[in-house]
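Quick notes on the structure that follows.
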2 protein chains.
Amino acid sequence: MRSENEASGQKPRSFIEQARRAQIMASAIEVIAEVGFAKASLALIAKHAGISKGVISYHFAGKDELMEQVVDHVYSGIADFVLARMEGESTATGLLRTHLLTVAEHMRDHRVQLMALGEIFHNLRLPDGSPRYGITANEELYESLERIYRFGQSTGEFRRFDTRVMAITHSSAVDNMFAYWAAYPEHDLDAHARELVEIFLRAVR
Amino acid sequence: MRSENEASGQKPRSFIEQARRAQIMASAIEVIAEVGFAKASLALIAKHAGISKGVISYHFAGKDELMEQVVDHVYSGIADFVLARMEGESTATGLLRTHLLTVAEHMRDHRVQLMALGEIFHNLRLPDGSPRYGITANEELYESLERIYRFGQSTGEFRRFDTRVMAITHSSAVDNMFAYWAAYPEHDLDAHARELVEIFLRAVR
DNA sequence: CTAATTTTTGGCCATGCGGTCAGAAAATGA
DNA sequence: TCATTTTCTGACCGCATGGCCAAAAATTAG
């Protein structure tokens, strides 16, 4: 989303600043994936990175900003990868198949990042106690999936159905494919994704 | 699972004991549903129940036991309700439809219980830091869903497919139907469930 | 009624948390 | 080289947590 010298903000980040932020985010991802969100304290993240705890406070406004940066980083990594692969597709069927297979392929190489993403997603809360990212944070994803399904309906590839329910179901199938594979690493991710293609293509036909 | 005087354990629970445990569990459910697992402290649960914090320690071995009792209680509530409704069904198609519709019906009347269940499921950890209930806690559910799908395959109602992937997808569709409705209470739960029936029956046909 | 037992209270404890800060160290620039 | 700025350290703060316990209160038994 942000290249490196946005017109909006203040001075550009120094080299050290960028490197430290990246290092701290990477450490946070690894710690969260290993011990879970609740036990991923700043002290532990700092220790794992081999730095003093104060450095995190120096480079980030607080724990919440660090977590949000991690989410942005990991999430845009997925989006960039998947959207690039979908660009060539012209049919709704092709878009659907490519989306499912590409997401699975990306998961294979980003296990810890996605585990951390899920932990933060489920646990981070605003100061008032309400979830920072709840289901409501999926709205953008739901809308882009609905666009594919409506496109398929408009071309006659797909039957009529509630596109919102289909998008929710699709999204949850992908999330749980990852969660299952994260718990059982020997599970065949690609085969799972191919099964999902079959399931959803039959469901919409 | 446990009626009221199991042969296994020690002395039966006194009346006061049972009442207090039920009261504390109910309070825990409401507090967790409202402020989330992380902020649901024993102090808050006690205050919400109008009792002193020490009472909880007196009636439960610790916070973990309280949480596990809540999970057992809510979970067996679902299982009892859904299994009773499924008893009359003789076809795999009927079992599948009944399962989806009955789960949705149960959700409608047990919003806070299920919100609390989800919070505990996602957040409770063993002393060593590993999840108390992860995806692996779904094994029993997956197996019972797989039994339905394999039954349908054996009668020729359903095509051949990977029953494990189907069970995971089915289970996640139900979980997210609830999560979406919990976030958007005006969402039509019954219509959602009927869409799921359509989706899965087409997927297996 | 009295003694024994169960239950409740409210304060206390050690622990770990996120965040802050003064000063040391390192990098930068003239 | 030396002054200035950036970066880092390690100690410290206030706070909330889960758990503990002595004593009070309530209940039960004889």
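Note on naming: letters A, B, ... go to the chains in the order of the sequence lines (proteins, then strands), and numbering restarts at 1 for each one. Small disclaimer: the values here were computed from a predicted structure and weren't measured.
Salt bridge annotation for B/Arg97-B/Glu89: absent, with no cationic side-chain nitrogen under 4.0 angstrom from a carboxylate oxygen. A salt bridge is absent between B/Glu105 and B/Arg194: the closest approach of a Lys/Arg side-chain nitrogen to an acidic carboxylate oxygen does not fall below 4.0 angstrom.
At least one side-chain heavy atom of B/Ser144 sits under 4.5 Å from a side-chain heavy atom of B/Leu141.
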Evaluate salt bridge (charged side-chain N to carboxylate O under 4.0 Å, His left out) for A/Glu139 paired with A/Arg164, printing each intermediate quantity in order. CA-CA 10 Å; A/Glu139 184 57 31; A/Arg164 173 54 55 131; 2.9 Å; yes
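Here the P atom of nucleotide C/dT7 and the CZ atom of B/Arg21 are 12 Å apart, to the nearest Å. Atom-to-atom, CD1 of A/Ile24 to C1' of D/dC8 comes out at 11 Å; the value is rounded to the nearest Å. The CD1 atom of A/Ile56 sits 14 Å away from the C1' atom of D/dT7 (whole-angstrom rounding). Straight-line distance from the CD atom of B/Gln23 to the P atom of C/dT8: 9 Å, rounded to whole Å. One can place CG of A/Asp64 at 13 Å from C1' of C/dC17, the figure rounded to the nearest angstrom.
Checking the phosphate oxygens (OP1, OP2) of D/dT6, no side-chain nitrogen or oxygen of A/Arg20 falls inside 4.0 Å. A sub-4.0 Å separation between OP1 or OP2 of D/dC8 and a side-chain N or O of A/Tyr58 is absent. A close approach under 4.0 Å does not occur between any side-chain nitrogen or oxygen of A/His59 and OP1 or OP2 of D/dT6.
At a cut-off of 3.5 Å, with distance as the only test, no side-chain donor of B/Tyr142 or B/His170 sits close to an acceptor on the other residue. Side chain to side chain, B/Gln153 and B/Arg150 fail the donor-acceptor criterion of an N or O pair below 3.5 Å.
Comparing D/dT9, D/dT7, C/dT8 by their nearest atom to the side chain of A/Glu17 picks out D/dT7. Comparing C/dT8, D/dG19, D/dC8 against the side chain of B/Lys63 picks out D/dG19 as the nearest.
Contacts between residues 32-54 of chain A and DNA chain C, defined by a heavy-atom separation below 4.0 Å, involve A/Ser41, A/Leu42, A/Lys53, listed by number.
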